[in-house]
Amino acid sequence: MDGYGMQNQIACIRRSLFDQGYLDEQFIQLEELQDDANPNFVQEIVTLFYTDSTRLIQNIELTLNSRPINFSKLDDYMHQFKGSSSSIGAKKVTSECAVFRQYCAAGNAEAYISSLLPYIYTD
Amino acid sequence: MAASETKFHVLAVDDTLIDRKLIEKLLKTSSYQVTAVDSGTKALEFLGLDNNDHQDVEVNLIITDYCMPGMTGYDLLRKIKESSSFKDIPVVIMSSDNIPSRINRCLEGGAEEFFLKPVQLSDVNKLRPHLMKRTQTNVNKRKAMDEIVSPDRTRARYNELEVN
């Protein structure tokens, strides 16, 4: 595939992420901050997000597997997750976190965690 | 130290790495010099507040996250406003939670602004007036300092102290 074809494909994927509500205008803010002084800014922040998310999800899983479930710890992790996802413009993840926190408040966390796992495997 | 083209120096405080990187970039893009630390304790250390209230570095504005383990942004705000050396430094608080009582508490506690996260360039643009307001005060302070340390008066004022 030639360079132009690849670029086109990337542009389409990027657009669909916005159209499907995975990304919001905060991501555009990140793109606008990227410049010659920091040419890999977006990549760096997103990489940090993936590392952070993996760690948070591991912690969430551990907390869910312990008895009794420490809901305040869970809420703390979700607060962090919601914070970092909103900082990079990961719109869908942010709203899922918000819903999950409501479940936490109601003491019904378990049923919801599995719906979050697919997000960390999306490129 | 020549102050010909000095940039304003902002101290950013946030326990989250992503948000720290983000605020740092936002501030640098707006031509501020930035120091980013990950806790209120480190912020106080950097300012020299824990070291008998002596100002080690020149900081023109402090922007801090609210939710931090140990010392919250509010705690940091109060410590700064209660210190004689630093109470005039403008403090801005950031938070991902939109809680009116929290916002009011911070503003009443002396914060100049309260930003909701995620912070954007438009928010950072709001900082300049707070910095410009202080500039005149700083200029006056610096003039007073210059008078004290000027060569002709040094001997008279500082005979017991060692002068370089």
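In the text below, chain A, chain B and the rest are named by the order of the sequence lines, each starting its count at 1. The structure presented is a predicted model; accordingly, all values stated were derived computationally and were not measured.
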field: Hphob cluster co-occupancy, B:Ile89 + B:Val57, side-chain heavy atoms under 4.5 angstrom
entry: yes
Shortest non-hydrogen separation from A:Gln26 to B:Val119 and the atoms involved: NE2-O, 4.1 Å
query: Rounded to the nearest 0.5 Å, how far apart are CG of A:Leu33 and CD of B:Gln120?
result: 9.5 Å
- line: When rounded to the nearest 0.5 Å, the distance separating CG of B:Leu22 from CZ of A:Phe41 is 5.5 Å
- prompt: Among the clusters formed by ILVMFWY side chains lying less than 4.5 Å apart, do A:Ile57 and A:Leu62 turn up in the same one?
  reply: no
- prompt: Same hydrophobic cluster for A:Val42 and A:Tyr50, using side-chain heavy-atom links shorter than 4.5 Å among ILVMFWY?
  reply: yes
message: Just so I know, are the side chains of A:Gln80 and B:Thr16 near enough to count as touching, which here means a heavy-atom distance under 4.5 Å?
response: no
- prompt: What distance do A:Ile88 atom CD1 and B:Ile18 atom CD1 have between them, rounded to the nearest 0.5 Å?
  reply: 6.5 Å
statement: Between B:Pro118 and A:Ser87, the two heavy atoms sitting closest are CB-CA, 4.0 Å
query: Got a second to check how far B:Ser96's OG is from A:Lys82's NZ, nearest 0.5 Å?
result: 5.5 Å
message: Side chains of B:Leu26 and A:Gln29, heavy atoms from C-beta outward: is any pair under 4.5 Å?
response: yes
task: Could you tell me which portion of B:Asp15 (side chain, backbone, both or neither) has an atom closer than 4.5 angstrom to a non-hydrogen atom of chain A?
output: neither
message: For the interface with chain B, which of A:Asp76, A:Asp52, A:Asn38 has the highest count of heavy-atom pairs at distances below 4.5 Å?
response: A:Asn38
query: Which atom pair, heavy atoms only, marks the closest approach of A:Asp35 to B:Lys25?
result: OD2-NZ, 3.1 Å
message: Same cluster or not: A:Ile28 versus A:Leu30, using hydrophobic residues (I, L, V, M, F, W, Y) connected whenever any side-chain heavy atoms lie under 4.5 Å apart?
response: yes
